[in-house]
Amino acid sequence: MNSRTHRPDGPRHVAIIMDGNGRWAKARGRPRLLGHRAGAKRVREIAQACPANGVEYLTIFAFSTENWKRTQEEVAGLMSLFRRYLESESKSLVERGARVRFIGDRLQLDPILRRNMDALEARTAHNDTLNLTVALNYGGRDEVTRATKRLARDVAAGRLDPDTIDHETLPRYLDTHVLPDPDLVIRTSGEARISNFLLWQSAYSEYEFVDTLWPDFTREHFEAVLARFGGRDRRYGGARA
Ligand code: IPE
Ligand code: IPE
Ligand code: MG
């Protein structure tokens with residue numbers, strides 16, 4: 001997959017807030033972690049559907065900077081799920097040509113998980129079938145705060161002239177600096193909020209809030225959302241055509 005297959009009326013970059021794992025498990029009287037496991041299985045199916053639908057970039061919200069507030073049991077379960085997932089999926093991600101990147105503050109993550117993340121980024125660095133970005137320990141405010149700190153250091157060191165700062169300066173310091181802005185942000189599970197996801201980057205994104213819980217979100221649901229995107233009139237502040 002490359003820019004040649006992108007469809008002019010479809011989204012090039014789709015970002016997903018994968019929500020509803022807990023409720024999916026609760027509805028079955030099962031522990032929340034089971035919902036997270038079922039949710040993790042969906043990622044492959046949705047990622048595989050991207051190239052055929054002209055989606056070059058898929059960014060998924062896996063764990064937010066606020067998710068540490070959950071019970072120690074759930075957080076530990078999620079971290080071990082991420083670790084095992086990277087181990088079990090990395091071969092197929094490499095083979096299927098996905099270029100994997102991580103955004104978020106990885107310094108607070110377990111060193112073994114971090115090593116797996118670094119290794120997967122390196123092993124897939126030359127792939128281009130799909131740009132798969134995983135937001136792990138990611139928060140939009142945290143990202144902007146970290147970016148501002150680096151920007152301020154550059155100003156203090158004389159590497160950046162404050163008078164040259166414009167709207168293109170800060171994005172160069174964000175974790176997403178190599179990614180285009182998302183065209184479409186999907187949130188599953190019926191909640192209509194962004195929960196600190198891609199705050200700067202989604203300024204002009206289209207939003208789709210769907211009721212389906214993430215572990216039930218199939219390729220068919222995904223393609224239905226993509227099809228609706230084609231009918232949208234993106235004006236970026238301009239007048240209606
Ligand atoms: C999303 O599902 C996954 C993470 C936030 C890690 P939730 O765990 O938030 O599921 P609900 O919202 O409780 O149903
Ligand atoms: C957003 O979902 C974070 C992820 C999907 C990883 P949450 O379930 O954490 O968001 P809130 O708490 O409902 O806003
Ligand atoms: Mg939730």
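In listed order, ligands and their atoms are each counted from 1. Predicted model, so just to flag it, every value in this text is computed and none were measured.
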Show which atoms of ligand 2 fall inside a sub-4.0 Å distance from at least one heavy-atom site of Arg193.
11 (P), 13 (O), 14 (O)

Examine Ser64 against ligand 2 and note whether any of their N/O atoms are separated by less than 3.5 Å.
no

Which protein N, O or S atoms sit under 2.8 Å from the Mg ion (ligand 3)?
Asp19 OD1

Tell me which protein heavy atom sits closest to atom 9 (O) of ligand 2, plus the residue, atom name and distance to 0.1 Å.
Asn67 ND2, 2.9 Å

Among all protein heavy atoms, pick the one closest to atom 5 (C) of ligand 2 and tell me residue, atom and distance.
Met18 O, 3.5 Å

At under 4.0 Å between heavy atoms, is it the side chain or the backbone of Arg23 that contacts ligand 2, or both, or neither?
neither

Using only atom types and a distance under 3.5 Å, with no angle test, would you say the side chain of Thr65 pairs donor to acceptor with the backbone of Asn137?
no

Within ligand 2, which atoms have a heavy atom of Ile17 less than 4.0 Å away?
1 (C), 5 (C)

Under the side-chain hydrogen bond (donor to acceptor under 3.5 Å, both in side chains) test against Thr176, which residue among His13, Gln201, Arg101 passes?
Gln201

Going by heavy atoms, is Glu191 under 4.0 Å from ligand 2?
no

Is the ring pair Phe61/Phe197 parallel, tilted or perpendicular, if the boundaries are 30 and 60 degrees?
parallel

Under a 4.0 angstrom heavy-atom cut-off, which atoms of ligand 1 come close to Ala62?
6 (C)

Part of Arg70 within contact of ligand 1 (heavy atoms, under 4.0 Å)
side chain

Atom 2 (O) of ligand 2 sits nearest the protein heavy atom Arg187 NH2, 3.6 Å

Taking distance alone, with no angle check, do Trp24 and ligand 1 share an N/O pair under 3.5 Å?
no

Would Phe63 count as being in polar contact with ligand 1, using the rule that some N or O on each side must be under 3.5 angstrom apart?
no

Check each atom of ligand 1 against the heavy atoms of Arg32 and keep those under 4.0 Å away; list them by number with element.
7 (P), 8 (O), 10 (O), 13 (O)

Atom 14 (O) of ligand 2: closest protein heavy atom, distance to 0.1 Å, is Ser195 OG, 2.6 Å

Where ligand 1 meets Gly22 - atom numbers and elements under 4.0 angstrom, heavy-atom basis
7 (P), 8 (O), 10 (O), 11 (P), 13 (O), 14 (O)

Can you find a protein heavy atom closer to atom 12 (O) of ligand 2 than 4.0 Å?
no

